[in-house]
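Hydrogens, waters and symmetry mates play no part in the numbers below; they use all other heavy atoms, side chains included. Only a predicted model underlies this, so the values are computations on that prediction, with no experimental measurement involved.
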Amino acid sequence: MSRLCELYNVYCKFINFRFIYILEAHAQDEWPICSARWCPTGMPVKYTQTHTVEERLAVAKDFIRDFNFPMPVVIDKPEENLFEKIYASWPVRIYVIDKDYRLTYKAQPSESMLELNEFTAHLQSIIQ
């Protein structure tokens with residue numbers, strides 16, 4: 001997560017970033033696995049799947065606070081999950097959509113991790 005925040009801090013002057021919170025990846029009522037290894041608090045992440053805007057906003061706010069996340073965060077409306085349905089973004093993806101609303105980049109995770117070198121090169125090509 002820190003590498004993504006570093007990239008945001010470098011490129012936010014040139015590129016509009018948005019972090020879209022979709023479904024809870026490890027909801028304890030759906031896929032209860034311990035994901036504390038990623039949480040800066042060292043505590044297990046324990047949330048149920050969100051079903052309302054209020055619930056999703058509350059979890060997003062916790063994420064912003066716990067990770068000291070600098071990027072603007074928006075939510076996918078739980079009633080529709082439209083972003084998730086259109087872009088198949090679960091559990092994690094990075095997309096670049098240009099000013100003409102064309103998808104120019106899509107990062108695919110490998111073993112639940114994203115490789116950011118290719119993403120960095122794409123960002124660099126945009127600002128040149």
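- Of the possible polar contacts, none joining the Asp29 side chain to the Thr48 backbone as a donor-acceptor pair under 3.5 Å is found.
- Side-chain atoms of Thr50 and Tyr21, non-hydrogen and from C-beta on, do get closer than 4.5 Å to each other.
- No donor-acceptor pair closer than 3.5 Å links the side chain of Lys46 to the backbone N or O of Gln28.
- Here the closest non-hydrogen pair linking Gln49 and Ala27 is N-CB, 3.4 Å.
- Annotation: side-chain hydrogen bond (donor to acceptor under 3.5 Å, both in side chains) contacts of Thr104 (sequence neighbours excluded): His122.
- Crowding of Glu118 atom CD: a count of heavy atoms from other residues, nucleotides or ligands under 6.0 Å not exceeding 12.
- A donor-acceptor contact closer than 3.5 angstrom links the side chains of Ser89 and Glu84.
- Between Ile97 and Tyr87, some side-chain heavy-atom pair lies under the 4.5 Å cut-off.
- Contact of the Leu103 side chain with the Tyr95 side chain is registered, since non-hydrogen atoms from C-beta on lie closer than 4.5 Å.
- By the side-chain hydrogen bond (donor to acceptor under 3.5 Å, both in side chains) test, Asn68 pairs with no residue at all, sequence neighbours left out.
- With sequence neighbours excluded, no residue forms a ring-ring contact (aromatic ring centres under 6.0 Å, His included) with Tyr11.
- Interatomic distance, Leu4 CG to Asn9 CG, rounded to the nearest 0.5 Å: 10.0 Å.
- In terms of heavy atoms, Gln124 sits closest to Gln128 at O-CG, 3.1 Å.
- Going from atom CD1 of Ile94 over to atom CZ of Phe17 covers 9.0 Å, rounded to the nearest 0.5 Å.
- Between Ile127 and Lys13, every side-chain heavy-atom pair lies at or beyond the 4.5 Å cut-off.
- Distance CG/Leu116 to CG/Leu7: 6.0 Å, rounded to 0.5 Å.
- Checked against ring-ring contact (aromatic ring centres under 6.0 Å, His included), Tyr47 has no partners two or more places apart in sequence or in another chain.
- Shown here are the salt bridge (Lys or Arg N to Asp or Glu O under 4.0 Å) partners of Arg102, two or more places apart in sequence or in another chain: Asp98, Asp100.
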Evaluation steps, side chain to side chain contact (heavy atoms under 4.5 Å, CB included), between Ile15 and Val96: CA-CA 10 Å; Ile15 298 170; Val96 176; over 6 Å; no
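- Partners of Phe63 under the ring-ring contact (aromatic ring centres under 6.0 Å, His included) rule, at least two apart in sequence or in another chain, are Phe19, Phe67, Phe69.
- The shortest distance between side-chain heavy atoms of Leu23 and Arg56 falls below 4.5 Å.
- To the nearest 0.5 Å, atom CG of residue Asn81 and atom CD1 of residue Ile75 are 9.5 Å apart.
- When all heavy atoms of Pro78 and Thr52 are compared, the pair lying nearest together is CG-O, 3.2 Å.
- Summarising the geometry, atom CZ belonging to Phe83 is positioned 12.5 Å from atom CZ belonging to Arg18; distances are rounded to the nearest 0.5 Å.
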